[in-house]
Every structure is written in C-alpha cells, then in structure tokens.
Amino acid sequence: MSEAGGGRGCGSSVPQRAPWSLVAATAAFCLVSATSVWTAGAAPMSREERQKLGNQVLEMFDHAYGNYMEHAYPADELMPLTCRGRVRGQEPSRGDVDDALGKFSLTLIDSLDTLVVLNKTKEFEDAVRKVLRDVNLDNDVVVSVFETNIRVLGGLLGGHSLAIMLKEKGEYMQWYNDELLQMAKQLGYKLLPAFNTTSGLPYPRINLKFGVRKPEARTGTETDTCTACAGTLILEFAALSRFTGATIFEEYARKALDFLWEKRQRSSNLVGVTINIHTGDWVRKDSGVGAGIDSYYEYLLKAYVLLGDDSFLERFNTHYDAIMRYISQPPLLLDVHIHKPMLNARTWMDALLAFFPGLQVLKGDIRPAIETHEMLYQVIKKHNFLPEAFTTDFRVHWAQHPLRPEFAESTYFLYKATGDPYYLEVGKTLIENLNKYARVPCGFAAMKDVRTGSHEDRMDSFFLAEMFKYLYLLFADKEDIIFDIEDYIFTTEAHLLPLWLSTTNQSISKKNTTSEYTELDDSNFDWTCPNTQILFPNDPLYAQSIREPLKNVVDKSCPRGIIRVREESFRSGAKPPLRARDFMATNPEHLEILKKMGVSLIHLKDGRVQLVQHAIQAASSIDAEDGLRFMQEMIELSSQQQKEQQLPPRAVQIVSHPFFGRVVLTAGPAQFGLDLSKHKETRGFVASSKPYNGCSELTNPEAVMGKIALIQRGQCMFAEKARNVQNAGAIGGIVIDDNEGSSSDTAPLFQMAGDGKDTDDIKIPMLFLFSKEGSIILDAIREYEEVEVLLSDKAKDRDPEMENEEQPSSENDSQNQSAEQITSSSQEVDLVDQESPEESSLNSQPESPSPADTDNAASVSASEQNSKPMENHETTSLDGECTDLDNQLQEQSETEEDSNPNVSWGKKVQPIDSILADWNEDIEAFEMMEKDEL
Ligand code: DMJ
C-alpha cells in the first residue's frame, strides 16, 4: 500500500475511522508488493513450483476433509487412527480438550470458509447445505465458551461472509438467504447467559441447552477463566452485532475487554493467565504470549483493525510495550511474573506462542518477528514439529503436537511482509513433514510424541480451519483465489470477516461501554504499518541478516565461550567456581556462592527443589557467567541421571499393507529385555500367544516362532510373560492392556518393571500398548491376517520403499537371524520361573503386589504397581545433549535436582533457612507457577 511509508503511522492523521481500519488491517499486507522487489537472499521459487506446492496442499486437504466426511461426519471430529468419528461421551474423556465438542459437527463448520479459500466452491455449497440440514445447536452438552465462539460462531460467520460474497458474484450460492447468519445469531444468544457475572467476564463453560447455573446445566460453579477465554470474543461478537444489528453481542464482548483492561497489573501493564470471574483477582500471575493469553492480545489489535476504535490500539500498544520490555528476550519469549516482571516464571515456551511473529507483522515490528520465527523453525527442524512445550535450551518439555497451525500462520504473514522466498521453503518443509510423519491412511494424526514419531487418534478441527488456509495462501498468487483476501481479517481460528464491517452499524461501539475515546498521541501509530517499503528495497538481505546469527541457536545452545574465559582466569590464580558435581545444599558456603551467582533455591510443594538463575541478580557479570555455567552443568547432570533411571517411550509402527509405516503407536518400554534405543529395531509379523495372557508355557509355539507375540496384560508378572514367549521362539513381545478402553491419550504411559530378580535371561524386546492402541493391531489382524510391525525407539521414516516391500527385507532377514540366535540362546536360560511375584519383585518396587493376588483384577493392579509412570519423561530429550557450548543465549535457566545424589535436598538446616528468607519473594512468585498447564 502506498500509505505504508514511514514508521510513524500511515495515515495517523486520517480522521475517519474506516479508512484507518483498512490501512491498519492491511498492515500485514503493506508489503505484498515486496514479493516483486525481492532481489537477493534465498533463491526465488518459480511460479511452477509454487503451483505444485499449492496443489499438494489441496490434495492434503482433500485427504483430511474427505476422510472426515466419509468416516466421521456428523461427529465433531475424525479419529484418524481408528477411522471413525469422535462422539463425546462415547470415548474416554480427555478432560478440557473435549469441551470443544458440542455434537454440532464441529469440523464441518470450522472448515466452511477454508473450502472457499481453497477454491472448492461447489463443495462449500454442499457443506453449507449440510450444516443447515443437520446441525443442531441445542444439545444438552457443556462446551467451552471460548472454543465455541472461535470455532463455531467464527465458522458460521466466516461461512456467511464468503457465502454473501459468492452470492454477489452471481454464480454460486444464489439460493442463500443469510441462513448461516441466523444460526450464528441463535448460537450467540445461547452463549450470552455465560456473561451473567458482575464482572462481565464470561463463565468458561456453558450448556448449549440449559445455559449456566441451573441444576440441569451442570456448569456455572466455576470461578476462574483464562484471559484469552474472556478476551477473545470481540471479533466474532462485534461481527455478529454488525451483521444483524443486534447490539448486545458487541456490548458484552466490549464489557469483558474493558474489565480485563482495568485489571491489568498497573505497573507492568501485563495480564496474568487466569482470572477470577467474580472478583477480578488474578489467579495465575504468570504472563506470556502463549497459552491462556495469546489471542487476548491478538484481538485487541485486530479489534482496532476491524472496528476502527482507537482505544483498542492504545491498549494493544501498552501491552505490546510491556511484552517487548519484559517477555521478549529475542529470539525467546519467556513468561514472567506480572508483579515482578524482571523475574522469569518459566524456562520453557509453549507452542501456542508461535502465532506471535504473525501478530508482530500486523503490528509492523518485523525484526523480532523474524528472530522468533527463525528460532521456532530450528526447533521444528530438530523434531519435525513444534513440541507443545520446549525449554530455553530447546529440549522437549511436552512432546505432543496436535497439528497446530500457529507456525504456518506466522510463516505466511512473514512471507507477505518480506517477500523473502525463504519462507516459501519453510512452508515446503511443513508440507513435507505433515505428509511424512502425520499422514495416515484415514487423514492426518496428531503427534503423540515428536521424539518417537508416534501418533494420537486425533485430528483437531483447527487443522482444517487454519493449517490448510495458511499453507495454501502462502503459495497462492492473487489470481489463485476467487476473492480478494485483503478485504478480510483473520480471526484467531483463521475465519474471515469482511473489513467493511468497520463502517456498518458503527453506533454500537459507542453504546454502553466503559471505554472512553481519547485522542491518541502519535507514538501509538509508530510501526502501525511496517516500513518495509524502506527496509526491503534498500536491503533485500535484511531478513536474512537477522536470521543468520540465529542459524545454530538450537544445535549450539551451551556456553563454551564462557567456560573458556573462566578457564583462562583460573590459570591466573583466581578461585575456581563451584562445580555442579561438588555442590552440597547443606554447605552454607555453597549457598552463599549460589546467591552470588544469582541462583535461587526453590522448594516446591511436592518436595522437589528447583534452582533458578537470574543473571541480573548476580553480584557481577563474571558471577553471572559462573551461575550460567553452573546451571548448565546441573541440567546436564540431572538429565543424565534421568536418562539413567527412566526409559523414554517407544514406538510400534505397523509396516505392512495398507499401513506402510504410517500408523505409529505409542508404547511403553520394559526395564528388561532388548533395549531398543541401543539396538536396531525389531521387525516381524505378529501372532497372538496361547494362552493369551502368556502366563504359562505357550501351547502354540509354532504360531509365534520368529514372530512378535501379542500377550494380554494381567495375571502374572510382565517378565514371566516375556520368558514364556521367548521360550516359544518369539522375537519380541507386545503386552496389550486388558483394561478395555484404556489409551495413551488418557492414561500416563509407564514402563514395565522386571520381577525383582535377574532378568538378563530375557533377550527379546518387550513393549506395552494400552488397549486402544493394541486393538488397532488386533483389528488389523482380523482384517488383513498378516500384520507386520516394527518395534523401535523412534518411528522409521515412512518412505515409499515400505510400500514396495512385498517380501521381508534383508533387514528383516537379519532380524530373523538374530531371532534364531535369541531363540537358541533362550534355550539355555531357565524356563518359567516358579518363584512368586512377591518375593521376586521386592527389589525393584517395594510396593509390589501380594502373591495371593491371582485373580485378574488383583493382578492388574499388581502390574500397575510394578510399573513406573513416565510423565516426567517430557523433560528428557532423546537427542544428544549439547555438544557445542558456543552461542549460549539463555540468561536464565532452571533445573530439577530431586534425583541428584550429591544433593541432600530433603534436609533442612538453619543456614539454608536464613538464606531462603532473603529469597521469599521469589518463592512466592514461583509458587504461583508450580502447576503450569496449557
Ligand atoms: C486454535 O483453535 C486457535 O488459533 C486458538 O486461538 C488457539 N490455538 C488453536 C490451534 O492451535
């Protein structure tokens, strides 16, 4: 846009609200023309290749949408592993995540405007008819107000916006008479009772049929909500008001925003993650730009864009300044405490913050957007996807990835702003990874663990609403889209609302709101439009020059440079700093040194102790460096110990027709038998053992010989099962849970413990599958008879070769060979051990079961007790630890030391107490954050 010249707002002097909005709305697109000015840096991508990638996106969408429509519709979501619909109440509850499901064909509604963006107008017309015919919004089901707003109300409004656009064009949707809008209005009224609080902040959940607080509603007793939950309504509610003329929706959403603004922490100008909807007190006082807050900020800026109301821009800018001052530590974005914003609240980041670079583009602040995006991209290159959370030194913190679109969103906006073909290459990688690792025969499956490549039976509706839009638009030229995308704003769920709403029913915005209009000073308009017209033509390598220093940030995140400097100074006679391995928590001198280095000791409620470093609290910069090194050593020590003590999850990959390695199941390892992380994977056909529980000598050794035996959990020790199938000649074993319906989606994975005796005689690999994952294999046997699986620590790439492997490969032969060796060596070991489980298990698990527990139920719990939960594996990376200590970026780090034998954490001695007294404020701050959840 020609107005997008200088940093000081393009058009800040323009008096009318509407043109202002348009200018700001297109801030992200101020540099659409940048594509043509790009002359250097990454090699340009030909139109042909972009078209090829665009077509690939279309094909992928067809695969996802087609399978949903064929196998799941009218259910809310597709379960792509079991190839059926997810119907709430019919599947084990997954907790809050299920609150998005309202039995209203969620995926169909969320996909409506994607169909138009992807030029599937005919399919859109069919989909709208289906929504009007089939969707019921009056179900007796409790749903999240936030999710229903962004996905369903937003989906209906996005569908309506494009339906009227198409109708006006004169070819499609000629029959359309605002029916989607009527549904949206009906849904809007259903959500309104949630706002019946003194604060105006909505209850987090509502019963679609009965509202809140009535006994039948089964909701309305909640006291807290997340900031994003209360602050992400204005776009949809204002659009609903402006489309229909019913002012109440915009009024309610404005009131909630006004209240949040009032409650911001006045000295830091930050907001917390959760707030009490009655008192307005902050319940969680940590503050970031990711989970729980993200779209609150997004909606302030976009509300300004859509509604042309300067007060939203002023609020956004105030918060943005605070974010950049406290949370942004380029390229990192780290949560802080709202009252003590110099104090980091975490040393990990969540995947939701990946939207932020895109928002920064809209704001016009390109440089930090490029930096953060680059850092995220490197994490993705390491793990194929962005894990739900990762630490400041880029290790996996939470290993899932539910196919979130935020990174694709930011990639798209950065490409629009910079025109740098680098971002097209990034998009290409995203497409490749999705096809390679997430694509399954019946759709795309979320990653259960990015480290193993295992899947979860879940394809969230936002994957269709957002991912395909951003990926398609990234490669599309203007003429590839049947309407002008720049006439619309994207909601947080990527639904499209027309910018002309800014001039429609404007009077609403001035009714009954507490926000007052004040003339904004000029600083509010700084960077409102990116001054990319100046930046890029002058320096086409601008984006590249920002990315370049960050290129190795993930691979090389340890401070060798610092250590080198310190080693020099030891040689010159200075006292060597405290080393992690020497540290004693009972040694007052050590605690004094810790304090000097800016390291605090935090006792958590669960008895664990955290170390946290704040470089700025160190006595000097050298002490800060020592502290940083000390923390790094502690992290390494801790993860080494964790690795020694706990085994990471494993993968069972179905490699035979028609799966060809595309279905990967999360499996629990065993503390005995072949260690798959050290040895090559084991591949073989599966066969059920007889007896199925594997608790006595097998009666069908000919069936399991050379194969991977399937055994049911229960009635005897895991090790006993392993010995029995090994003795029958099996090359591996998979124990399947006998608790019907259990799943790694809902239960923590664990490792199978031995029986307390020497288990060296067990040579074959043993893995555990919950019942749901196990039934995928059992169903496959029923359908295809011959089912071949691969047991490994990380899924093997699904390469086309697998699809051609009709016969066992040479790798398979070698497995068979080793199976023979195992079989013969197993003949030398004792057969079924007759000792009672109780006697034998005491060594490994003191709480082991009673020998008298021979009925199934008792044995199940015995097995359970004899297993170690694996939740805290989330913090252990499978990848090698730092090998290069250069380029250390983090200023703060923390580690958990509950397992450090050098540290007597449990003992309370006087000197610690007195030192802790100095740090009480920090402790109080951190207590608020002990239970971090997405
Ligand atoms: C989407 O539903 C929305 O983007 C929301 O704001 C948060 N993120 C999810 C997808 O990850």
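When a ligand or atom number is given, it counts from 1 through the structure's own listing order.
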**Request:** May I ask you to list the atoms of ligand 1 that are less than 4.0 angstrom from any heavy atom of Pro405?
**Result:** 10 (C), 11 (O)
**Request:** Just need the protein heavy atom nearest to atom 4 (O) of ligand 1, so name the residue and atom and give the distance.
**Result:** Thr492 O, 2.8 Å
**Aromatic plane relationship, Phe407 with His373 - under 30° parallel, 30 to 60° tilted, over 60° perpendicular** = parallel
**Request:** Could you tell me the separation between the CG atom of Asn276 and the NZ atom of Lys263, rounded to the nearest 0.5 Å?
**Result:** 10.0 Å
**Asked** After noting the C-alpha distance and the side-chain angles of Arg264 and Ile338, does the key distance pass the side-chain contact (heavy atoms from CB on, under 4.5 Å) rule?
**Response** CA-CA 9 Å; Arg264 74 191 181 283; Ile338 55 174; over 6 Å; no
**Request:** Considering the heavy atoms of Ile150, write down every atom of ligand 1 situated less than 4.0 Å from one of them.
**Result:** 2 (O), 3 (C), 5 (C)
**Request:** Looking only at protein heavy atoms, identify the closest one to atom 8 (N) of ligand 1 and say how far it is in Å.
**Result:** Glu406 OE2, 2.7 Å
**Prompt:** Against heavy atoms of Leu352, which atoms of ligand 1 measure under 4.0 Å?
**Reply:** 7 (C), 8 (N), 11 (O)
**Request:** May I ask you to check whether Glu493 has an N/O atom sitting below 3.5 Å from an N/O atom of ligand 1?
**Result:** yes
**Request:** For the pair Phe394 and Phe390, name the ring-plane relationship: parallel under 30°, tilted 30 to 60°, perpendicular over 60°.
**Result:** parallel
**Asked** What orientation do His397 and Trp348 show, parallel under 30°, tilted 30 to 60°, or perpendicular over 60°?
**Response** parallel
**Prompt:** Using the ring of each side chain (for Trp, its six-membered ring), is His63 parallel, tilted or perpendicular to Phe444, with breaks at 30° and 60°?
**Reply:** perpendicular
**Prompt:** Would you say Glu466 touches ligand 1, if touching means a heavy atom closer than 4.0 Å?
**Reply:** yes
